[in-house]
Amino acid sequence: MTEHFSGETIPVVAAGFDPDDLPPELSDELIDELLAGARTPEELTGPDGLLQRLTKRLVERAMEAELTDHLGYPRGQAPPGGTGNARNGFSEKTVHTEHGSVRIEQPRDRAGSFEPQIVPRHQRRFHGFDEKIIAMYARGMSVRDIQAHLRELYEVEVGHDLISRVTDAVLDDVREWQARPLEDVYPILFLDALIVKVRDGGAVRNLACYVAIGVNLDGERDVLGLWFQRSEGAKFWLAVLTELKQRGVRDVLICCVDGLNGFPEAIEAVFPQAWVQTCIVHLIRQSLRFVPDKHRRIVAKELKPIYTAVDADAAAEALTAFEAEWSERYPMIGKTWREAWEHVIPFLAFPPQVRRVVYTTNTIEALHRQIRKTIKTRGRFPTEEAARKLIYLSITNAEKSWRQTYHWSAALLSFKIHLGDRLP
């Protein structure tokens, strides 16, 4: 039978319970006794199976122990002095766990002063149930999908409002995360935005979601925040960078960005000593837009000596050689590179281990791909806050899988050389 419910999360810690009091492991004899007659998966974990019956007995025994502690005397004895508060039967309630619904008998006292801790009054969900809802939501499942999944797996009917309340609780985490203090120095800062669709009145509008990833001196990546605006522009990036500075970022060595107009000036206004590195991959793609298919492969090959040069001088020579060969046919390519040249060459000052990290914005674009994979089933969000909480959950999932993939010992030495007295 399917249950309908609402309520708050149930803590699992009972008054007076100490996990250290438990034996280090349950004996094989006790396990065998519990498993007697239970052989199939349904008999173990199905409705009214061993796991549900064991949960019921453990919860009821724990509540009985809580009531004994509250009254000051055990079942079967009279109150001290013959008068005072006493047991007053039971009330039934259904609680919902990761393994399905369990019907329990909750003990009562005559004075009505007993407040159970393991299953508080008016609460019907064990700890872990909300986490399952949030985990499904974080992977892009819609409310209907979550409802169907819980119904099929646990025979529990969860209302739309309950799922919204559970997932809206994430917004408190988002606000705390967005306002947290940051480190003094980030050798690398990746900045980019992605577009999400959000309903606005009767229309659906595109919103730019601004994202910043910092890499600290230990080689650890950290998403520093999320910001939403109608479109991507250098003016709003200036506000984002100002906020990062207010949250404690004193200096940045190199900012990796795409070719957005006015971006370098916005960065230099907040972090005047930062080097701005234009994404080389973006620049190559922009260059190849001027080239028909029959020449794209050879042009891409002949651009390579520019960004693989040993230093900035060699890169300038390679660009001159490229223009001598191709400027008559494709003059816009050389012009594009020369206009961006100041922000093309900073990465050439670093050793190969660092160049591979900073010559492109792939680090942040990889995160954006994971976010898009999560949100693609939504199509559009009902509100900006709905987009914010799902993107935040997608980021936290991504960060769990991040590892330090950079050759950071050599990189750290290089950063210390370039930062010098700017290090704290």
Side-chain angles (χ1 to χ4, degrees), residues 1-23 26 30 33-34 38 42-134 146-147 150-151 153-166 169:
M1 178 177 176
T2 301
E3 297 288 341
H4 298 262
F5 72 99
S6 64
E8 304 303 325
T9 305
I10 298 173
V12 295
V13 180
F17 172 75
D18 186 351
D20 293 335
D21 293 338
L22 290 173
L26 299 176
L30 177 57
E33 185 177 347
L34 289 171
E42 291 75 15
E43 290 173 329
L44 291 174
T45 61
D48 202 33
L50 173 63
L51 189 56
Q52 284 195 10
R53 288 184 282 120
L54 184 58
T55 300
K56 171 182 170 66
R57 293 288 290 127
L58 288 172
V59 170
E60 290 176 346
R61 289 284 288 178
M63 287 194 295
E64 184 64 36
E66 286 187 80
L67 183 56
T68 295
D69 183 68
H70 177 72
L71 296 176
Y73 64 93
R75 173 178 287 279
Q77 293 186 9
T83 60
N85 200 2
R87 286 172 170 79
N88 188 32
F90 301 90
S91 60
E92 288 192 338
K93 68 190 295 184
T94 300
V95 295
H96 303 276
T97 76
E98 297 178 75
H99 310 292
S101 301
V102 179
R103 192 75 175 169
I104 63 169
E105 292 182 337
Q106 180 171 300
R108 301 177 301 192
D109 64 324
R110 291 189 183 279
S113 58
F114 175 51
E115 294 285 349
Q117 298 299 305
I118 192 168
V119 184
R121 294 183 182 184
H122 313 302
Q123 297 185 359
R124 297 179 180 271
R125 301 196 309 279
F126 267 114
H127 176 77
F129 198 82
D130 286 5
E131 284 76 3
K132 282 194 173 294
I133 291 176
I134 290 173
I146 294 172
Q147 289 174 310
L150 293 173
R151 186 185 306 118
L153 216 56
Y154 305 120
E155 296 190 340
V156 173
E157 188 70 34
V158 180
H160 182 282
D161 290 344
L162 172 61
I163 294 175
S164 294
R165 286 199 302 274
V166 170

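- Of all heavy-atom pairs spanning R75 and T68, the tightest one is N-OG1, 4.4 Å.
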Criterion side-chain contact (heavy atoms from CB on, under 4.5 Å) on R87 and Y73, from CA distance to verdict: CA-CA 10 Å; R87 286 172 170 79; Y73 64 93; 3.9 Å; yes
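- Among residues two or more places apart in sequence or in another chain, the side-chain hydrogen bond (donor to acceptor under 3.5 Å, both in side chains) test is passed with S91 by none.
- Between N88 and D109, the side chains place no donor N or O within less than 3.5 Å of an acceptor N or O (distance only, hydrogens not considered).
- When all heavy atoms are compared, the tightest approach of P107 to L67 is CB-CD2, 3.7 Å.
- Judged purely by atom type and a 3.5 angstrom limit, N85 uses its side chain to pair as donor or acceptor with the backbone of A111.
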